[in-house]
Colleague: 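Have a look at the structure that comes next, please.
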Amino acid sequence: MTDTNGPTSDTNINFFFDQSELDENRTESLVSTALSGMDDGELYLESTQSESFTFDDGRLKGASFDSSQGFGLRGVSGESTGYAHSTELSEAAIKRAAETIRAVKTGSSGKMSLAPARTNKQLYTDQNPLGGIAFDKKVALLEEIDAYTRAQDPRIKQVTASILGSWQAVEIIRADGHRVRDIRPLVRLNVGVVMGEGDRQESGHDGAGGRQSFDFLFDEAHWKAQVHEAVRQASVNLESVDAPAGEMTVILGPGWPGVLLHEAVGHGLEGDFNRKKTSAFAGLLGERVAAPGITVVDDGTMNDRRGSLSVDDEGTPTERTVLIEDGILKGYMQDRLNARLMGLKPTGNGRRQSFAHAPMPRMTNTFALAGDKDPAEILASVKDGLYAVNFGGGQVDITSGKFVFSCTEAYRVKGGKIMEPVKGATLIGNGPDVLKRVSMIGNDLKLDNGVGSCGKGGQTVPAGVGQPTLKIDGLTVGGTAG
């Protein structure tokens, strides 16, 4: 019996069965047989189209289009997972995959876990962003962005602009006939500049996007704001001096600096690391892990956001999960496997990069909620410290929580005032320890502009971050000043 739920529309009904040799009823029967005696599992069908355009040095440097389709068949028994995938959407390929996953059947309870809850929510458009605007118009937009950017400052030496878009259709079929469908658009615009003065050159970059159509990126107000931000960053970096080093008070700006929270804390709150007790937060439910006032949530239900999903890649509706509330650890982000083994409920965080990957607990949009302090009050309270506005790359050890993050835009703070910009600053610390050192929380919660991607276990998925202005007492800063 077919029980289809999840966001549906005329664009995705029977999408896979209309465009392949697969028969709906036969496929359901194959899945039921393949997963018989298993604890959990599903057939995950996926079709993806993607394109990108890159404009560099005043001309189109690259244009690409790619399409792929395939399936992943997963069987779960106890803690073991059998997974097989193929780009061939056929009955024969599914049968071969079923033979592969039987290896994990031994040791299962033989009782299939209950299907995910039903939902009809749809958090984003189901229109294909790739087909709505012609090729020449996309190239013309990049030409306009290039010309507009170069006109902003005579010191600009190089401009790079790119457009990326994808459209993904997925369908999930369980052994009991429970089916979920979703259509997932994703677009992004990047603008980068190199600015030079004398022998010195510095760069600036900005981007924006989300689960929307390309119309969002063609909005002149949006792309001009990105241009101005990229130019501003490059200009600031040209004025920067060597960063100081040592332990000092650090203010983290709102928005993108939440990537530090994502990496240093967020991954440690994913279910698999805590079930295996390899996270610094393992076994601490109900205990204080952060300063009073710190509340962290993972919310996959936000309309049009890059990290949002109507349903996760196991068919579970996403939700707003409170991870830390007023400094107390309240929960973890869960997929179906880890939730079952921990005796908890899935939270809609089972995600995979593609049909070629098994799902695992992953973040969606993870951010700290606002407090009650005016950012100006927070700044005025710092006698000597660092104000970190933007971050680049970083490294985190999940087990210990230790991290190192590089700042791409930061300033000295003296006497409660923002002073000169600095270059080469790195923040060094321990995630759980840093949360306890937060002494002031701004009322200016901001989310990132829709550019984040999260890596884990060799898989990359879109994600969102955010936070208000935060004051951290006593964080180690690595600098370049002699």
Side-chain angles (χ1 to χ4, degrees), residues 1-48 68-120 168-184 310-317 335-337 340 346 350-352 354-359:
M1 172 181 162
T2 300
D3 174 20
T4 304
N5 76 85
T8 60
S9 73
D10 290 340
T11 59
N12 66 341
I13 291 177
N14 293 327
F15 178 84
F16 293 96
F17 301 100
D18 287 345
Q19 302 189 35
S20 74
E21 66 177 67
L22 290 176
D23 175 80
E24 287 187 78
N25 293 330
R26 285 287 301 158
T27 300
E28 287 186 13
S29 178
L30 287 173
V31 174
S32 179
T33 300
L35 300 182
S36 176
M38 299 281 192
D39 290 327
D40 207 354
E42 73 285 311
L43 176 70
Y44 178 87
L45 299 164
E46 176 195 319
S47 178
T48 299
S68 64
Q69 66 176 14
F71 73 85
L73 181 64
R74 180 178 67 147
V76 180
S77 293
E79 297 185 24
S80 301
T81 296
Y83 197 74
H85 62 89
S86 174
T87 58
E88 178 186 331
L89 293 181
S90 70
E91 185 174 315
I94 294 175
K95 286 181 177 179
R96 290 193 297 269
E99 293 175 359
T100 300
I101 69 171
R102 286 192 189 122
V104 301
K105 184 174 179 179
T106 302
S108 70
S109 67
K111 182 179 180 181
M112 179 62 65
S113 299
L114 295 176
R118 295 175 175 84
T119 180
N120 287 316
Q168 180 189 60
V170 303
E171 180 158 353
I172 300 163
I173 305 175
R174 291 179 50 80
D176 58 3
H178 182 99
R179 289 164 62 178
V180 178
R181 297 170 179 146
D182 196 17
I183 295 290
R184 300 166 177 174
S310 298
V311 291
D312 72 5
D313 294 324
E314 299 177 306
T316 304
D335 63 347
R336 289 177 61 86
L337 184 152
R340 174 173 55 83
R351 305 188 64 186
R352 64 182 101 200
S354 75
F355 65 86
H357 305 82

Colleague: Using the test side chain to side chain donor-acceptor pair (under 3.5 Å), find all partners of Ser113 that sit at least two apart in sequence or belong to another chain.
Modeller: none
Colleague: Got a donor-acceptor contact below 3.5 angstrom from the Thr33 side chain to the Ser29 backbone?
Modeller: yes
Colleague: So, does Asp312 use its side chain to make a donor-acceptor pair with the main chain of Gly350 at under 3.5 Å?
Modeller: yes
Colleague: Are the side chain of Arg352 and the backbone N or O of Asp313 linked by a donor-acceptor pair below 3.5 Å?
Modeller: yes
Colleague: In Å and rounded to the nearest 0.5 Å, what is the CZ to CD distance from Arg340 to Glu79?
Modeller: 9.0 Å
Colleague: Suppose we screen for side chain to side chain contact (heavy atoms under 4.5 Å, CB included). Which residues come up paired with Ser90, at least two apart in sequence or across chains?
Modeller: Glu21, Glu88, Ala92, Ala93
Colleague: Is there a salt bridge (Lys or Arg N to Asp or Glu O under 4.0 Å) between Glu171 and Arg181 once you walk through the steps?
Modeller: CA-CA 4 Å; Glu171 180 158 353; Arg181 297 170 179 146; 3.1 Å; yes
Colleague: Taking atom CZ of Arg184 and atom OG of Ser310, what is their separation to the nearest 0.5 Å?
Modeller: 8.0 Å
Colleague: Which atom names give the shortest non-hydrogen contact between Ala115 and Asp176, and what distance separates them?
Modeller: CB-OD2, 3.7 Å
Colleague: By salt bridge (charged side-chain N to carboxylate O under 4.0 Å, His left out), which residues pair with Arg351, not counting sequence neighbours?
Modeller: none
Colleague: Please report the closest heavy-atom contact between Leu22 and Phe17, naming both atoms and the distance.
Modeller: O-CD2, 3.6 Å
Colleague: Determine yes or no for a side-chain-to-main-chain donor-acceptor pair under 3.5 angstrom, with Thr100 supplying the side chain and Arg96 the backbone.
Modeller: yes
Colleague: What distance separates Leu73 CG from Tyr83 OH, expressed to the nearest 0.5 Å?
Modeller: 8.0 Å
Colleague: Indicate yes or no: does Glu99 engage Lys95 in a salt bridge with an N to O separation below 4.0 Å.
Modeller: no
Colleague: Could you pull out the closest heavy-atom pair between Glu314 and Ile172, with the gap in Å?
Modeller: C-CD1, 3.7 Å
Colleague: Between Glu42 and Arg174, is there a side-chain N and carboxylate O pair less than 4.0 Å apart?
Modeller: no
Colleague: Quick one: list whatever passes side chain to side chain donor-acceptor pair (under 3.5 Å) with Thr27, sequence neighbours left out.
Modeller: none
Colleague: For the backbone of Glu46 and the side chain of Gln168, can you confirm whether one donor and one acceptor N or O come within less than 3.5 Å of each other?
Modeller: no
Colleague: Taking Val170's backbone N and O only, do any of them form a donor-acceptor pair with Asp182's side chain (distance below 3.5 Å, no angle check)?
Modeller: no
Colleague: Please round to the nearest 0.5 Å and tell me the distance separating atom OG1 of Thr87 and atom CZ of Phe355.
Modeller: 6.0 Å
Colleague: Taking only residues two or more places apart in sequence, or in another chain, which ones meet Ser47 in a side chain to side chain contact (heavy atoms under 4.5 Å, CB included)?
Modeller: Phe15, Phe16, Gln69
Colleague: In Å, rounded to the nearest 0.5 Å, how long is the span from CD1 of Ile101 to CG of Leu35?
Modeller: 5.0 Å
Colleague: Quick one: does any side-chain atom of Thr119 pair with a main-chain N or O of Pro317 as donor and acceptor, under 3.5 Å?
Modeller: no
Colleague: Sequence neighbours excluded, which residues qualify as side chain to side chain donor-acceptor pair (under 3.5 Å) partners of Asp335?
Modeller: Asn338
Colleague: As an exercise, state the distance from OG of Ser32 to CG of Leu43, rounded to the nearest 0.5 Å.
Modeller: 12.5 Å
